[in-house]
Amino acid sequence: MTALALDAARTVAEALASPSDARALGLRQGWWPQSLAVGPAGVALLHIECAHAGLGSWQRAHEWLDCATRDGVHTGEDAHLYYGAPALAFVLHAATGERGRYARALETLDHHIAVATRRRLEAAHARIDGGAPPALAEFDAIRGLTGIGAYLRHRDANAPLLAEILAYLVRLTEPIDDHGEPLPGWWTNLGPSGRPARAFPGGHANTGMAHGIAGPLALLALAMKDGVAVDGHIEAIERICTWLDRWRQDDGNAPWWPYWITRAQLRGDQPLPAKPSRPSWCYGTAGVARAQQLAALAIDDDARREIAERALAGAFTDSEQRAAITDSSLCHGHAGLLQIASRCADDARTPMTKHKVPLLRAVVRDPDSERVAAELLRPPHGCFGFLEGAAGVALALHSAASGAPPASSWDSCLLIA
């Protein structure tokens, strides 16, 4: 199975050998060069990992990086880990290695990232000082300061700017008062889309890894494991964990968490979902439980570690939860579960490696690697990108087949390692 997975990953990389090859496939994603999520920047990451492993050429990676930067780089305050300067810096740093590739370009990008991030931090602190609730894009792992923190950790764990982001996240976890009603500091008046929504009167508290509080929890935990801590760091981790404990559901099989808590659910006027939803990386139990496993390791909480690992095992094995997964992507499909399984197995006290083979089979459903790759890339549903497409799936397959941590640390942008 691992040989087949590696062959499938190589076949995808061959099909995406150059930007012109990808254009010729007629895939459904738009052409967003600076996008780590769906564009050439994310495909470059696949070729960088292959080059580090001696399975591909650095020239291929360079061609995709050149494509990603050909029209310039967006450096504004709305640039984030998955688009613009931070996205490209993340990918370039993954390529550096011992030869210091792209050092000058990284220095330039880091300057722009620092300027934009400090402006964002100033705005976030002013918002907190004024008592207003945040937008998800202020703090989340995709568009927000947590994502920028993931890049800074990837680049240099001791960067002063990372400490500033961690200090902001500590403040984010402090409770707020909304006309006498206590709310967690990450409560937003918006819907999960990041916009006002009639279905969410009074807003919600999001639990997910991509757009919710699991992302900040994972960054706080990973930084502490690295030896980087700020005032109130442990207390912030504990506040988030206590909130997640309040909403944890346990049906006798395995713990799980709802995607979000609405104002009506907070007040007890609306029931929680009766059963877990899709257990993906972006939303759902797999991402939330991995964040808590990391938190347990950071603060030496054995009880939380046991709960998180039971939840992870349930996400990997429960047929009802797994049936809700309908694709192979990193973001919300089986490849995301596979990569989480690869990472959490290294930290688990309970056996987790055994879950990788069934997850591999869910991604590689054909004994022919050519057909596996063709299915991932076949229009109109095929995608070539990182978060929702073939490049990300190939990275997860390569990681699982190699049995070793990624040489490029590509999955640090997922905040699972």
Side-chain angles (χ1 to χ4, degrees), residues 5 8-9 12 29 36-38 42-43 45-46 49 81-82 140-142 146-147 150 206-212 214-215 217-218 222 256-257 259 276-294 308 311-318 321-348 352-353 355-365 372 375-376 381-401 405-406 409-417:
V12 169
Q29 285 174 340
L36 174 59
V38 300
V43 183
L45 205 52
L46 169 61
E49 182 64 23
L81 178 59
Y82 285 87
D140 74 16
I142 299 291
T146 295
N206 198 300
T207 63
M209 183 71 93
H211 298 296
L217 176 62
L222 287 163
W256 58 274
W257 291 264
Y259 282 5
S277 300
R278 184 181 60 198
S280 52
W281 167 78
C282 56
Y283 277 98
T285 293
V288 177
R290 174 56 174 165
Q292 290 192 76
Q293 185 191 33
L294 291 168
L312 285 161
F316 299 149
T317 61
D318 181 69
Q321 290 189 61
R322 289 275 305 280
I325 297 178
T326 59
D327 65 54
S328 298
S329 72
L330 279 178
C331 185
H332 42 252
H334 284 107
L337 288 187
L338 177 61
Q339 192 62 25
I340 291 173
S342 296
R343 284 301 197 170
C344 76
D346 295 335
D347 297 323
M352 288 279 179
T353 304
H355 300 309
K356 289 173 60 177
V357 172
L359 291 169
L360 265 174
R361 289 199 181 104
V363 179
V364 185
R365 293 177 290 183
V372 172
E375 180 64 26
L376 291 171
H381 302 296
C383 306
F384 66 84
F386 173 74
L387 268 189
E388 297 188 28
V393 176
L395 280 163
L397 290 175
H398 178 268
S399 179
S409 298
W410 62 264
D411 59 347
S412 64
C413 68
L414 301 175
L415 288 160
I416 60 174

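Throughout, residue positions are numbered sequentially from 1 according to the sequence presented.
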Response to the item:
Arg343 meets the salt bridge (charged side-chain N to carboxylate O under 4.0 Å, His left out) criterion, sequence neighbours left out, with Asp411
Practice prompt. Any chance you could measure Asp327, atom CG, to His332, atom NE2, to the nearest 0.5 Å?
Written response: 4.0 Å
Worksheet entry | Non-neighbouring partners of Ala311 that pass side chain to side chain contact (heavy atoms under 4.5 Å, CB included), sequence neighbours left out | Pro255, Trp257, Thr285, Ala289
Practice prompt. Please name all residues satisfying side chain to side chain contact (heavy atoms under 4.5 Å, CB included) with Leu222, sequence neighbours left out, ordered by chain then number.
Written response: Arg153, Leu294, Leu415
Discussion item. Quick check for you: to the nearest 0.5 Å, what is the distance between Ile325 atom CD1 and His334 atom NE2?
Written reply: 4.5 Å
Practice prompt. Could you pull out the closest heavy-atom pair between Leu387 and Ile142, with the gap in Å?
Written response: CD1-CD1, 4.2 Å
Worksheet item: Atom CE in Met209, atom CG in Leu414: separation rounded to 0.5 Å?
Response: 8.0 Å
Worksheet item: Which atoms form the tightest heavy-atom contact between Leu397 and Ala5, and what is the distance?
Response: CB-O, 3.7 Å
Worksheet, complete the sentence: Rounded to the nearest 0.5 Å, the CG atom of Leu337 sits from the OG atom of Ser329 at a distance of 9.5 Å
Worksheet item: Is there side-chain contact between Gln339 and Pro406, with heavy atoms separated by less than 4.5 Å?
Response: yes
Practice prompt. Ignoring hydrogens and angles, tell me if any N or O in the side chain of Thr207 forms a donor-acceptor pair with the backbone of Tyr259 under 3.5 Å.
Written response: yes
Discussion item. Among residues at least two apart in sequence or on other chains, which ones pass salt bridge (charged side-chain N to carboxylate O under 4.0 Å, His left out) with Asp347?
Written reply: Arg290
Worksheet entry | Considering all heavy atoms, the nearest Ala286-Leu312 contact | O-CD2, 3.6 Å
Worksheet entry | Sequence-distant partners of Tyr82, ring-ring contact (aromatic ring centres under 6.0 Å, His included), two or more places apart | none
Item to complete: Please state whether the rings of Trp410 and Phe386 are parallel, tilted or perpendicular, taking 30° and 60° as the class boundaries.
Response: perpendicular
Worksheet item: So, for Val12 and Ala391, which heavy atoms are closest and what is the spacing to 0.1 Å?
Response: CG1-N, 4.5 Å
Item to complete: Mind listing the closest non-hydrogen atom pair of Ala396 and Ala335 along with its distance?
Response: CB-O, 3.7 Å
Worksheet, complete the sentence: On a heavy-atom basis, the closest approach of Ala150 and Leu81 is CB-CD2, 4.1 Å
Worksheet item: Is a donor on one side and an acceptor on the other found under 3.5 Å between the side chain of Arg322 and the backbone of Phe316?
Response: yes
Item to complete: Apply ring-ring contact (aromatic ring centres under 6.0 Å, His included) to Trp281 and list each qualifying residue two or more places apart in sequence or on a separate chain.
Response: none
Discussion item. I'd like to know if the side chain of Ser399 reaches the main chain of Leu395, judged simply by a donor and an acceptor atom lying under 3.5 Å from each other, with no hydrogens or angles considered.
Written reply: no
